There are 2 protein chains.
Amino acid sequence: MAKLRGFSYENGRNVAESTKFDDFDLRILRLLRDHGRMSLQELSERIGLSPTPVARRVRNLEAMGVITGYAALIDEAALGYPVSVFVSVKLDRQVDQALAQFEAAIQTFPEVVDCWLMTGNRDYLLRVVTDGLKGFEDFLTSRLTRLTCVSSIESSIPIRRVKSGISRQP
Amino acid sequence: MAKLRGFSYENGRNVAESTKFDDFDLRILRLLRDHGRMSLQELSERIGLSPTPVARRVRNLEAMGVITGYAALIDEAALGYPVSVFVSVKLDRQVDQALAQFEAAIQTFPEVVDCWLMTGNRDYLLRVVTDGLKGFEDFLTSRLTRLTCVSSIESSIPIRRVKSGISRQP
DNA sequence: TGTGAAAACCATCGCCC
DNA sequence: GGGCGATGGTTTTCACA
């Protein structure tokens, strides 16, 4: 059984959840995942534990990096950004500096909400959020295509979000 | 200037943010977006307003549906789910019931964290989170391919998440 | 690890500007 | 709309089992 970064693997599966987290932890995570502002007292009532151990467990989960933060969920459409576009970006075949340059630029673009480096040849998948197709066009012309490392761009427009999760349910 | 659902449009842009939300609202949203558990008192200190109007504004933003909820951000890898896969699913050319059936099934699959209906022919984009490639294979064989409405599947494996946003910054 | 109580902190309300 | 103060609920931090 190989050990890696404190997690144990078995049959290619990460079994951290069975060794590291008990039922109370999982129930805390499930509740906080859906109700991030739930008080420790309400948590303790729902899982049948007194507030003190609940507070300890939450602090531990935060310290272990399982809970990385808390966020208010914001309706982008209600805010004035109703259009999401998925953009596939392929970079020029250059040195790895192109990746660093591209990624640094992405971090500064408020329109880019999510970005993944994909397997394949310097392929990125982006979710770009704007106030309309005109705004998206502006993003393409004034932001993305100005990056010299960008070789090709392909856009896919979604109709509707069917399921919107923050993370997999614990 | 056309009116639609309480928002005003100008030059194809939604200008709700300039008419509906002032600077205080935006600063509240920015803070809560990054620190979902921040107390109203701390919010009020940071934006230079007393706690009462801050509480009112937050309640209004919630009632208007701009803030749709709060969530703890959970590190999927630390929890035991280190593998994300993007899956493109094409449905059989059938009646619209196929879409409803597919979407209902998706909601029940814990592995599917995110799902979008794309423009094109019954195309869905999914992000599937599992404990490894074996777990992903299990998801394909025991979940996705068992849905009779699924016509074709294409998987893309990301290497790394470059930017992970919950929503566009207000 | 879990419990209970005390002190510090916070949210909320009525009222006034 | 914003600000002030009082009230009741929440969190934290103890000592202790």
Side-chain angles (χ1 to χ4, degrees), chain A residues 6-8 15-75 78-80 170, chain B residues 3 5-8 14-75 78-80 166 170:
Chain A
F7 298 103
S8 54
V15 291
E17 67 270 31
S18 60
T19 59
K20 253 180 126 71
F21 308 109
D22 62 12
D23 232 46
F24 287 132
D25 287 321
L26 293 181
R27 285 162 75 188
I28 288 173
L29 286 172
R30 272 191 277 266
L31 285 168
L32 280 180
R33 175 179 167 274
D34 295 329
H35 309 283
R37 278 185 89 103
M38 184 177 284
S39 69
L40 296 180
Q41 182 164 312
E42 192 174 350
L43 277 174
S44 80
E45 286 164 6
R46 298 225 190 178
I47 68 176
L49 225 52
S50 72
T52 314
V54 171
R56 269 204 291 260
R57 281 165 182 270
V58 171
R59 252 188 289 113
N60 282 341
L61 289 168
E62 289 169 357
M64 284 192 296
V66 178
I67 296 176
T68 59
Y70 300 88
L73 307 180
I74 294 172
D75 184 333
L79 235 191
Chain B
K3 282 271 186 184
R5 280 198 209 147
F7 298 103
S8 53
N14 186 322
V15 291
E17 68 270 28
S18 60
T19 58
K20 251 182 127 69
F21 308 109
D22 62 11
D23 231 47
F24 288 132
D25 287 322
L26 293 181
R27 285 162 76 188
I28 288 172
L29 286 171
R30 273 190 276 266
L31 285 167
L32 281 180
R33 172 179 168 272
D34 295 329
H35 308 282
R37 279 184 88 101
M38 185 177 283
S39 69
L40 295 180
Q41 182 164 310
E42 192 176 350
L43 276 175
S44 79
E45 287 164 5
R46 298 226 190 177
I47 68 176
L49 224 53
S50 75
T52 315
V54 171
R56 265 203 295 257
R57 283 165 180 270
V58 171
R59 253 188 289 112
N60 282 341
L61 289 168
E62 290 168 355
M64 284 191 296
V66 178
I67 295 176
T68 59
Y70 300 89
L73 306 180
I74 295 172
D75 183 334
L79 235 191
I166 303 299

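Note that the coordinates shown come from a computational prediction; the quantities given were computed from them, not determined experimentally. Every chain is numbered from 1 and lettered A, B, ... according to where its sequence line falls, protein lines coming before strand lines.
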Open item on the list: Is it the case that the side chain of B:R33 and the backbone of A:L73 share a donor-acceptor pair, with hydrogens and angles ignored and the cut-off at 3.5 Å?
Closed with: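 Not confirmed, B:R33 side chain does not pair with A:L73 backbone.
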
Task: Under-4.0 Å side-chain N/O to phosphate OP1/OP2 contact, B:S50 with D:dG2 - done: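 Negative; the distance criterion is not met.
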
- [ ] Check whether any side-chain nitrogen or oxygen of A:R56 sits under 4.0 Å from OP1 or OP2 of D:dT12, and answer yes or no.
- [x]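 A:R56 to D:dT12 OP1/OP2: no side-chain N or O under 4.0 Å.
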
Task: side chain to side chain contact (heavy atoms under 4.5 Å, CB included) between A:L32 and B:R37, intermediate numbers included - done: CA-CA 11 Å; A:L32 280 180; B:R37 279 184 88 101; 3.4 Å; yes

- [ ] Would you mind telling me which residue lines up with the more 5' stretch of DNA chain C, A:V54 or A:R37, judged by nearest nucleotide?
- [x]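 Going by which nucleotide is closer to the 5' end, it is A:V54.
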
Task: side chain to side chain contact (heavy atoms under 4.5 Å, CB included), paired with B:I28, selected from B:L61, B:D23, B:L40 - done: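 The passing option is B:L61.
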
How many Å lie between [atom1] on [X] and [atom2] on [N], as a whole number?
| X | N | atom1 | atom2 | answer |
| --- | --- | --- | --- | --- |
| B:L32 | C:dA11 | CG | C1' | 14 Å |
| B:I28 | C:dA11 | CD1 | P | 12 Å |
| B:Q41 | D:dC4 | CD | P | 13 Å |
| B:E62 | C:dA11 | CD | P | 12 Å |
| B:L43 | C:dT12 | CG | P | 12 Å |
| A:H35 | D:dT10 | NE2 | C1' | 18 Å |
| B:L40 | D:dT11 | CG | C1' | 15 Å |
| A:R59 | D:dT11 | CZ | C1' | 11 Å |

Task: Salt-bridge contact B:D22-B:R57 (side-chain N to carboxylate O under 4.0 Å) - done: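 The answer is yes: the pair qualifies as a salt bridge.
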
Given [options], which nucleotide is nearest the side-chain atoms of [X]?
| X | options | result |
| --- | --- | --- |
| A:L49 | C:dA11, D:dG2, C:dG2 | C:dG2 |
| B:R57 | C:dG2, C:dC10, D:dG2 | D:dG2 |
| A:S39 | D:dT10, D:dG3, C:dC10 | D:dT10 |
| B:T52 | C:dG14, D:dT11, D:dG2 | C:dG14 |

Task: side chain to side chain contact (heavy atoms under 4.5 Å, CB included) assessment of A:T68 paired with B:D75 - done: CA-CA 6 Å; A:T68 59; B:D75 183 334; 3.8 Å; yes

